Amino acid sequence: MTMRTVVVFVTLVFLLSLGSAAPVIRQEGELVSPSFKPATCTEKQAELQIKEFKKLDFDNSKCAAEDFLPRLHQHFPSADGKLFVNIGANKGFLLAKMMSLWAPWVMKSEATPTGASVARYLGSFWKGQGGKGAACDEYSVPFTSKSTTPYNAAWPRMIGVELNPTTAAPLREVMGALKATEPRGSAPPALRVLNFGVASKDGEMLLGKLQPGVESIGVKTFDHQQAKLQNALKEHADDVVKVGLRTFKSIAQEHFQKDERLFLLAVDT
């Protein structure tokens with residue numbers, strides 16, 4: 001469930017060199033050094049990142065600026081060890097774009113049940129759910145890159161977090177039709193869909209019944225409607241749904257596998 005006003009992408013790769021050796025570049029272009037350890041941003045560093053982000057220009061189109069993804073892929077093409085998390089996964093177009101780069105063997109036209117392109121298939125599916133097919137330039141799936149990602153049986157891995165239950169369920173269905181949610185031997189599927197809202201603390205929230213794929217309503221919309229919805233739950237239970245809320249830390253603790261480390265966090269809310 002998203003409002004496509006802006007999409008914030010955070011690449012959580014903080015490398016801190018602890019020795020005198022200079023970082024070396026592997027064949028696929030990813031920086032690595034035997035002497036680095038992951039570093040966590042300080043509060044001041046986080047504030048500076050927000051300050052710099054606010055300086056960026058936006059075109060007021062309410063469309064996500066996702067064209068940087070092919071450039072990111074060009075420098076980090078390997079699928080090995082990469083975990084992507086999309087908060088506000090909605091209809092799955094962004095997940096499809098990321099998979100078209102880092103898992104092109106999943107996001108291909110011949111993989112769709114109708115033989116249509118992935119984007120057209122997703123659009124038709126969501127129209128069939130009674131919602132809009134696609135917004136902005138979402139039909140640009142798949143993205144192409146100057147680099148190639150070799151086939152990997154266990155990676156990449158993606159997690160889509162979606163608040164609206166009437167969107168999360170068909171999202172699992174359509175991604176299942178593309179084989180993206182199927183187990184891969186002992187490895188998790190390429191995509192896991194979680195039906196949660198992301199909040200500052202764990203809990204639950206009542207939502208009014210929503211159409212599948214609606215993009216203009218989120219957690220804040222219902223913050224001040226909980227008492228009203230609680231009464232509605234007693235009288236018209238079919239018009240109210242209960243959804244869990246999780247902090248990002250809780251999602252990581254509950255759903256990240258032991259061998260998973262976050263590569264890209266896409267916040268589309």
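Numbers here are sequence positions counted from 1. Given the structure is predicted, the values throughout are model-derived calculations rather than measurements. As a basis for the values below, the full set of heavy atoms in this structure was taken, side chains included, without hydrogen atoms, waters or symmetry mates.
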- To the nearest 0.5 Å, how far apart are OG1 in T181 and CD in E173? 10.5 Å
- Message: Side chains of S147 and F76, heavy atoms from C-beta outward: is any pair under 4.5 Å?
- Response: no
- Task: Measure across P183 and P189 and return the closest heavy-atom pair with its distance rounded to 0.1 Å.
- Result: N-CB, 4.2 Å
- Item | Gap between atom CD of Q74 and atom NZ of K146 - 0.5 Å precision | 5.5 Å
- Charged N to carboxylate O below 4.0 Å: is that the case for R157 and D259? yes
- Please report the closest heavy-atom contact between T167 and W126, naming both atoms and the distance. O-CH2, 3.5 Å
- Query: Can T149 and H73 be said to form a side chain to side chain donor-acceptor pair (under 3.5 Å), step by step?
  - Reply: CA-CA 9 Å; T149 297; H73 178 266; 2.6 Å; yes
- Message: Do V241 and L206 have side chains that approach each other closer than 4.5 Å (heavy atoms only, starting at C-beta)?
- Response: no
- Task: Just do the side chain to side chain donor-acceptor pair (under 3.5 Å) check on N164 and T166 with the steps written out, would you?
- Result: CA-CA 5 Å; N164 183 2; T166 59; 2.7 Å; yes
- Message: So does I159 get a backbone contact from the side chain of N86, meaning a donor-acceptor N/O pair under 3.5 Å?
- Response: no
- Shortest non-hydrogen contact from A89 to G160? CB-CA, 3.8 Å
- Task: Verify, without hydrogens or angle tests, whether R261 (side chain) and K258 (backbone) share a donor-acceptor contact under 3.5 angstrom.
- Result: yes
- Query: So which heavy atom on V106 is nearest to which on A180, and how close?
  - Reply: CG1-CB, 4.0 Å
- Query: Do you know which two heavy atoms are closest between A154 and R184, and how far apart they sit?
  - Reply: O-NH2, 2.9 Å
- Query: Do W155 and Y151 belong together in a cluster built from hydrophobic side chains that touch within less than 4.5 Å?
  - Reply: no
- Sidechain-backbone polar pair: S250 side chain, R246 backbone, donor-acceptor under 3.5 Å: no
- Query: If you round to the nearest 0.5 Å, how far is CG of L101 from NZ of K97?
  - Reply: 10.0 Å
- Task: Please examine the side chains of K91 and L122, heavy atoms only from C-beta on, and report whether any two atoms are closer than 4.5 Å.
- Result: no
- Close side-chain approach of V243 and F196, heavy atoms under 4.5 Å: no
- Message: Using side-chain heavy atoms (C-beta onward) and a distance below 4.5 Å, is L245 in contact with V198?
- Response: no
- Task: Before giving the answer on side-chain contact (heavy atoms from CB on, under 4.5 Å), spell out for F125 and T114 the whole-Å C-alpha distance, their side-chain angles and the decisive distance to 0.1 Å.
- Result: CA-CA 11 Å; F125 174 85; T114 61; over 6 Å; no
- Message: Run the side-chain contact (heavy atoms from CB on, under 4.5 Å) test on I251 and L194 for me, step by step, so that the C-alpha distance in whole Å, both residues' side-chain angles and the decisive distance to 0.1 Å come before the verdict.
- Response: CA-CA 9 Å; I251 289 175; L194 307 180; 4.0 Å; yes
- Is L94 close to L69 at the side-chain level, that is, under 4.5 Å between some pair of heavy atoms? yes
- State whether R192 and E260 are salt-bridged, where the test is any N-O pair (Lys NZ or Arg NE/NH1/NH2 against Asp/Glu carboxylate O) under 4.0 Å. yes
- Query: How would you list, by chain and number, every residue that makes a salt bridge (Lys or Arg N to Asp or Glu O under 4.0 Å) with E182, sequence neighbours excluded?
  - Reply: K179
- Item | F84: ring pair (Phe, Tyr, Trp, His ring centres under 6.0 Å) partners, not counting sequence neighbours | W102, F263
- Residue pair L264 / L72, side-chain heavy-atom distance below 4.5 Å: yes
- Message: Looking at A168, is its backbone amide N or carbonyl O close enough to the side chain of N195 to form a donor-acceptor pair, meaning the two atoms are under 3.5 Å apart?
- Response: no
- Message: When you compare the side chain of L207 with that of M205, does any pair of heavy atoms fall below 4.5 Å?
- Response: yes
- For V118 and A96 the tightest heavy-atom approach is CG1-CB, 4.2 Å
- Counting only heavy atoms not in Q253, do more than 12 sit closer than 6.0 Å to its CD atom? yes
- Query: CE/M158 to CG/L191 distance, rounded to the nearest 0.5 angstrom?
  - Reply: 8.0 Å
